[in-house]
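We use all heavy atoms of the structure for the numbers below, so side chains are in, but hydrogens, waters and symmetry mates are not. Per chain, numbering begins at 1; letters A, B, ... match sequence-line order.
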Number of protein chains: 2
Amino acid sequence: MAVNRRYTKQRELVLDALRSTRAHPTAEEIYMSLKDDHPEISLGTVYRNLNVLYEQGEIIRVEGNFPSVRFDGNAMLHYHFRCAACGELFDLELGYQDVIDTLANEISPHTINRHSIMFEGICRSCEQAN
Amino acid sequence: MAVNRRYTKQRELVLDALRSTRAHPTAEEIYMSLKDDHPEISLGTVYRNLNVLYEQGEIIRVEGNFPSVRFDGNAMLHYHFRCAACGELFDLELGYQDVIDTLANEISPHTINRHSIMFEGICRSCEQAN
DNA sequence: TTGGATGCAAAGGTTTTGCAGTAAT
DNA sequence: ATTACTGCAAAACCTTTGCATCCAA
């Protein structure tokens with residue numbers, strides 16, 4: 001059965017931190033950004049709250065190969081882009097393409113509900129740096 | 001400058017192991033599958049060779065959030081499907097959709113070269129198990 | 001009052017790395 | 001002969017977890 005969650009300052013802090021940035025921070029980065037104003041918060045608590053918020057569907061774990069998991073406070077389905085040169089991660093302003101799920105369901109024996117896309121290329125600033 | 005790579009038995013073993021399966025094994029799983037016939041091989045060597053083969057573009061690291069990185073001996077661009085129930089990972093027989101890159105390039109300030117897609121849903125056997 | 005949440009630190013799991021020896025070129 | 005590669009083990013790194021305490025409901 002579901003756990004009865006409680007409101008805590010720390011949970012709110014973690015969620016606010018994620019929602020107030022367009023970056024896709026790691027747990028460690030969120031922890032670092034919080035501990036100046038809230039020295040009592042612990043890294044373990046940040047991890048635990050990220051997991052809770054993820055289970056509740058409030059945040060996203062970006063699908064990709066990163067040394068640490070990267071989180072996204074925008075829970076709406078959207079796509080990501082990673083620069084092959086600098087490794088920076090960006091949101092992509094391309095709307096969710098339902099047709100991709102339709103296509104996939106036509107050819108797959110499995111039941112497909114959703115997808116995530118990671119684009120790769122060279123970001124604007126790396127391009128200009130050449 | 002590029003390193004001068006040498007042929008080694010261990011590198012070939014790792015590549016062969018990956019190419020001869022449709023699963024998407026972790027480094028540990030590859031190591032386990034090899035060490036019966038080749039007790040001298042070490043896990044560190046498996047990791048190092050996977051990294052070399054990846055840099056050379058011979059193999060793929062599946063984009064996704066798994067406890068350990070999962071590798072794919074099929075270096076052709078293709079999509080993956082993960083079952084939300086059992087966690088199993090499958091190749092998807094949907095051809096690469098160039099149109100997605102075209103769409104993305106139209107709306108993005110960055111230069112997009114390729115993408116990978118992770119589909120999610122319920123696999124056939126989990127569906128039937130209900 | 002109850003039990004979910006926290007802080008801290010230790011433990012767990014994955015991947016990398018230093019080193020001395022081995023082997024491909 | 002040169003130097004990339006290997007095996008081994010230690011280290012590094014990321015994330016989870018046990019425990020005593022705290023605090024939201």
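Contacts of A/Val52 with the nucleic acid, taken as non-hydrogen atoms under 4.0 Å apart, are absent. Within the nucleic acid shown, A/Glu28 has no heavy atom closer than 4.0 Å to any nucleic acid atom.
In terms of phosphate contacts, B/Asn4 brings no side-chain nitrogen or oxygen within less than 4.0 Å of OP1 or OP2 of D/dT2. In terms of phosphate contacts, A/Thr8 brings no side-chain nitrogen or oxygen within less than 4.0 Å of OP1 or OP2 of C/dA5. Residue A/Tyr47 places none of its side-chain N or O atoms closer than 4.0 Å to OP1 or OP2 of D/dT16. Proximity of B/Gln10 to the phosphate of D/dG7: a side-chain N or O atom is located under 4.0 Å from OP1 or OP2. In this model, the phosphate group of D/dC5 is approached by a side-chain N or O of B/Arg11 to a distance below 4.0 Å at OP1 or OP2. A sub-4.0 Å separation between OP1 or OP2 of D/dT6 and a side-chain N or O of B/Arg48 is absent. The phosphate of D/dC8 has neither OP1 nor OP2 within less than 4.0 Å of any side-chain N or O from B/Ser42.
A donor-acceptor contact closer than 3.5 angstrom links the side chains of B/Asn51 and B/Arg61. Side-chain N/O atoms of B/His110 and B/Asn105 include no donor and acceptor closer than 3.5 Å. Side-chain polar atoms of B/His115 and B/Tyr96 form a donor-acceptor pair below 3.5 angstrom.
The distance between atom OH of A/Tyr7 and atom P of C/dA5, rounded to the nearest whole Å, is 13 Å. Protein atom CG of A/Asn49 is 9 Å distant from nucleotide atom P of C/dG7, rounded to whole Å. Put simply, CG on B/Asn51 is 12 Å from P on D/dT6, counting in whole angstrom units.
The aromatic rings of A/Phe81 and A/Phe90 are tilted relative to each other, their planes meeting at an angle between 30° and 60°.
For the pair B/Ala17 and B/Thr21, the tightest heavy-atom approach, listed with the atom from each and the gap, is O-CG2, 3.4 Å.
When each of A/Gly44 and B/Thr26 is assigned the nucleotide of DNA chain C with its nearest heavy atom, A/Gly44 is the one assigned upstream, toward the 5' end.
For A/Arg6, the side-chain atoms get nearest to D/dC23 when compared with the rest of D/dT6, D/dC23, C/dT15.
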